[in-house]
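Some notes on the structure that comes next.
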Amino acid sequence: MPGASGAALLCELAADGSRLGEPALAADFAEAVARYSGPGTDSVRWVWSSGAEHYPALLRAGVRVSRCHDVALTERLLLARDGQAAEPDLAGRPAPVRPGMISQGVLFDSAGAEPPDPKEALGALLAVHAEQLRRIADDEHPAKFAALVAAESAGELAAAEMSFAGMPWRADLHDQLLAEMLGPRPPGAGLRPARLTELTAQISAALGGRPVNPDSPSQLVRALAAAGVRVPSTRFSVLHEIDHPAIAPLLEYKELARLHAAHGWAWLDTWVCDGRFRPDYVVGGVVSGRWATRGGGALQIPRVLRRAVVADPGWVLVVADAAQLEPRVLAALAGDRAFTQAAAGGDLYEGLATGFGGDRNQAKKALLSAMYGGAGGEAGQLLAVLRRRFPAASGYVEMAARAGEEGRVVRSVLGRTCPPPSAAWRAITEEAADSEAERDPGAGRASRARGRFTRNFVVQASAADWALVLLAALRRRLAALPGPGGLPAWRWDPQAPHLVFFQHDEVLVHCPEPMAEAVVAAVSEAAAEAGRALFGATQVRFPMTTAVVGCYADAK
DNA sequence: GGTCGGGGCGCG
DNA sequence: AAAGCGCGCCCCGACC
């Protein structure tokens, strides 16, 4: 850590969170962590206010930790469980922060604003931590909730390490791809690439010659109407049905303009440095427990740009994604026998298809409708089939939907809890009405919308639980592989395999080519471990599709 | 000059 | 009658 601010106040704790001995001042936190990391210290778990705040500096000092309890992330899980989900009040003020939380911790930084007394800050942190352990033990399912806390905390470690390592990214290939599609890089920042200018001219010409800004949906709707084409919107699904000379250049424009705006040269300049893209992950940033990222659109990288993700010379990428994760999770959650049978094989939808006259596509559509709350078109009929053939699975999501419609909360398999309904939702849905006819139609709409949310939450959040446990298990197994440099596990080893990307149900490991086989094995062991951690002895399998490639685009 | 909601679309 | 979940990000255009 830079300068004089790398000091830390440390205190050993017992398993119940009580102090063992007096706090000790360490002049160099990284060195202190290293001291606690020798052989026989596998069970050490660092308790700190926030890994996001403290771990990157350790990594820069070449030190990694294997386990931690992240007080900030844990507090958020507990608050959500106890129905205290943050909701901005009418004045837009942020939710209150509990004393001793978040900003104060094991570490103090003399460079910052007037620091709190370190001993007091440490005392507050320890008190919150001990209280968290009690609250976890009080959970309806303490072991599962503790597993969730451990996985969330490990996720923060993995996130910091992935940002530190960075995803290999060839700026030269990215630039080449952009040039092929858009024309050469424009000389100035605000200038449009040649191809977009050409397409804009073609669109305007096809619509009668008056200039039209293809980025403006309202201008497009008007210009199309003037040309005799009436459209309710300008989205792709609407436009691509239409037969008109303006449509082809317009659709091409939309695709390219988006690429240019979201992941074009400006993105490259901002986000890729020294051959690495370093996303800023927000662990648990989505209510379902999925991660988000801050800037960089790391979880929306267009598939075409995977060409630019290339392993270093002598290295490979192990690309692993969970096959049909959400339906498998539903099968295990519901314990549906027939469904579980289908999920015991390789292709889940194929296994379900017998229930739908052998039509795999129909089976898939029915399942997605059940998980998302779709009801329109043929979905209704397919859902009826699903209900008959797989009663426990559809019953499970129907129950979740009903809970949501009634304003209750639902939980993932490890106990992540969805937010309670907003005050506005309650006001709309609880409005008294003398008869169904007088009821505000908005009430039914809001109620059903929340039902779709909770219906999906139980599946999406449980799938996120699974992926998080997978990530934590894989991280641990990778660290245990004998590294080529022979460094101990507590040292960050740039020569060893490491996670570089995580996207909901997919992970990338960058590793020396000779170690690829060991990494692939670690992935499948981690997947099996995640299945056991969530569901015990279920028959449902959670297979990973794994590819060892030089370039991300060559996976699957 | 800024903020903010909507349209649209990338990813899962 | 409404009409499939979760995000982040871009641009536009209305508004202050």
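In what follows, chains carry the letters A, B, and so on, assigned in the order in which the sequence lines appear, proteins first and then strands, with residues in each chain numbered from 1.
Ring planes of A:Phe501 and A:Tyr281: tilted class, angle from 30 to 60°.
Listed nucleotides: B:dG12, C:dC5, C:dG4. Nearest to the side chain of A:Arg290: B:dG12. Here the nucleotide nearest the side chain of A:Asn456, chosen from C:dA2, C:dG6, C:dG8, is C:dG6. With distances taken from any side-chain atom of A:Arg306 to the nucleotides B:dG12, C:dG4, C:dC5, the minimum falls on B:dG12.
At least one side-chain nitrogen or oxygen of A:Arg452 sits closer than 4.0 Å to the OP1 or OP2 atom of C:dA3. Regarding contacts with the backbone of C:dG6, every side-chain N or O of A:Arg416 stays at 4.0 angstrom or more from both OP1 and OP2. In terms of phosphate contacts, A:Arg258 brings no side-chain nitrogen or oxygen within less than 4.0 Å of OP1 or OP2 of C:dC10. Distances shorter than 4.0 Å separate some side-chain N or O of A:Lys254 from OP1 or OP2 on B:dC9.
When heavy atoms are screened at a 4.0 angstrom cut-off, A:Arg294 is found touching the sugar-phosphate backbone but no base atom. At a threshold of 4.0 angstrom between heavy atoms, the contacts of A:Ile301 are confined to the sugar-phosphate backbone, with no base atom among them. Among the atoms of the strands shown, none is found under 4.0 Å from any heavy atom of A:Phe457. Nucleic acid contact class of A:Gln460 (heavy atoms, under 4.0 Å, all strands): base. A:Val459 comes within 4.0 angstrom of no nucleic acid atom, judged by non-hydrogen atoms across all strands. Using a 4.0 Å heavy-atom distance criterion, A:Gly296 is classed as a sugar-phosphate-only contact.
Heavy-atom contacts from other residues, nucleotides or ligands closer than 6.0 Å to CZ of A:Arg210 number 12 or fewer. Atom CD of A:Glu506 has more than 12 heavy atoms from other residues, nucleotides or ligands within 6.0 Å.
Per the geometry, CE belonging to A:Met181 stands 12 Å off P belonging to B:dG10, to the nearest Å. As rounded to whole Å, 13 Å separates atom C1' of C:dA2 from atom CD of A:Glu405. Note: CH2 (A:Trp267) to C1' (B:dG10) measures 13 Å, nearest angstrom. For the pair A:Arg450 CZ and C:dA2 P, the computed distance is 22 Å after rounding to whole Å. Between A:Glu326 atom CD and B:dC11 atom P the separation is 17 Å, expressed in whole Å. As a whole-Å value, the separation of A:His504 NE2 from B:dC11 P is 11 Å. The distance between atom CZ of A:Arg448 and atom C1' of C:dA1, rounded to the nearest whole Å, is 8 Å. In this structure, NE2 of A:His240 is placed 15 Å from P of B:dG8, rounded to the nearest angstrom.
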Hey, mind stepping through A:His174 and A:Trp267 against ring-ring contact (aromatic ring centres under 6.0 Å, His included) and telling me if it holds? CA-CA 10 Å; A:His174 186 156; A:Trp267 182 91; 5.6 Å; yes
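For the pair A:Arg278 and A:Trp271, the cation-pi criterion (under 6.0 Å, within 45° of the ring axis) is not fulfilled. Taking the ring centre of A:Phe145 as origin, the terminal cationic atom of A:Arg81 falls inside the region bounded by 6.0 Å and 45° from the ring axis.
Side-chain contact of A:Asp336 with A:Tyr396: a donor-acceptor pair under 3.5 Å is absent, judged by distance alone. Between the side chains of A:Glu326 and A:Asn456, not a single donor N or O lies within less than 3.5 Å of an accepting N or O. A side-chain N or O of A:Ser412 and one of A:Asp465 form a donor-acceptor pair less than 3.5 Å apart.
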Taking Watson-Crick and G-U wobble pairs with both distances under 3.5 Å, convert DNA chain C into its dot-bracket string, 5' to 3', dots for unpaired and | for cross-strand pairs. ....||||||||||||
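Partners of A:Arg170 under the side-chain hydrogen bond (donor to acceptor under 3.5 Å, both in side chains) rule, at least two apart in sequence or in another chain, are A:Asp172.
Of the residues in residues 196-234 of chain A, those lying under 4.0 Å from DNA chain B by heavy-atom distance are A:Pro217, A:Ser233, A:Thr234.
Comparing C:dA3 with B:dG6, their P atoms sit 15 Å apart, to the nearest whole Å.
Distance check: A:Cys551 SG to A:Arg306 CZ gives 10.5 Å after rounding to the nearest 0.5 Å.
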